Amino acid sequence: QILRDRLQKERGGPVSMRQAEAEYAKLTKDEKAELSNLYYRQASEAKSVRKRINDIQRMYKRSVEAYQNSFLELSCQADIGSDASLTAEDRALRLQHLKVPLH
């Protein structure tokens, strides 16, 4: 595929896989090794990019969860603070329990 892409650039038009395979057969051992190294280098770079994307997605998910937990905690605090049936001691106890992780 790499050779096919290269040939398409050089020729300025489409190249079939058969044409690329015929050109590959004409290459020297060193040229084939160079293509192979290029393929593995590109595969490694693609793997690295995928890993980085996954890391960013995980960080985003954790940020959203933290935001949701903060919002939920504030909402609970507001509910506890506005509940007229609770004593000051009950409010304090319930607010203490909010410090426990919600997820």
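Note that the coordinates shown come from a computational prediction; the quantities given were computed from them, not determined experimentally.
- Applying the 6.0 Å contact sphere to CZ of Arg18 captures no more than 12 heavy atoms from other residues, nucleotides or ligands.
- Put simply, the residue from Asn54, Asp55, Ile53 that forms a side chain to side chain contact (heavy atoms under 4.5 Å, CB included) with Lys51 is Asp55.
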Can you check side chain to side chain contact (heavy atoms under 4.5 Å, CB included) on Val64 and Gln68, steps first, answer last? CA-CA 6 Å; Val64 168; Gln68 289 171 335; 3.8 Å; yes

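- Val15 and Met17 fall into different hydrophobic clusters, defined by Ile, Leu, Val, Met, Phe, Trp and Tyr side-chain heavy atoms under 4.5 Å apart, directly or through other members.
- The minimum heavy-atom distance between Gln42 and Ile2, with the atom names listed, is OE1-CD1, 3.4 Å.
- The two residues Glu31 and Thr28 come nearest to each other via the heavy atoms OE1-N, 2.9 Å.
- When side chains are defined from C-beta on, Glu45 does not count as touching Val49, because their heavy atoms never get closer than 4.5 Å.
- The two residues Leu27 and Leu3 make their nearest non-hydrogen contact at CD1-CD2, 4.1 Å.
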Using salt bridge (charged side-chain N to carboxylate O under 4.0 Å, His left out), reason through Lys26 and Glu23 one step at a time and then give a plain yes or no. CA-CA 5 Å; Lys26 296 177 191 175; Glu23 289 294 326; 3.5 Å; yes

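- The backbone N or O of Met59 sits less than 3.5 Å from a side-chain atom of Ser63, completing a donor-acceptor pair.
- Each of Ile56 and Tyr67 belongs to its own hydrophobic cluster when Ile, Leu, Val, Met, Phe, Trp and Tyr are linked at side-chain heavy-atom distances under 4.5 angstrom.
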Show your working on side chain to side chain donor-acceptor pair (under 3.5 Å) between Glu65 and Asn69 and close with a plain yes or no. CA-CA 6 Å; Glu65 287 173 353; Asn69 286 344; over 6 Å; no

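- A donor-acceptor contact shorter than 3.5 Å is absent between the side chain of Ser48 and the backbone of Ser44.
- Listed here is the closest heavy atom pair of Arg4 and Ala20: CB-CB, 3.8 Å.
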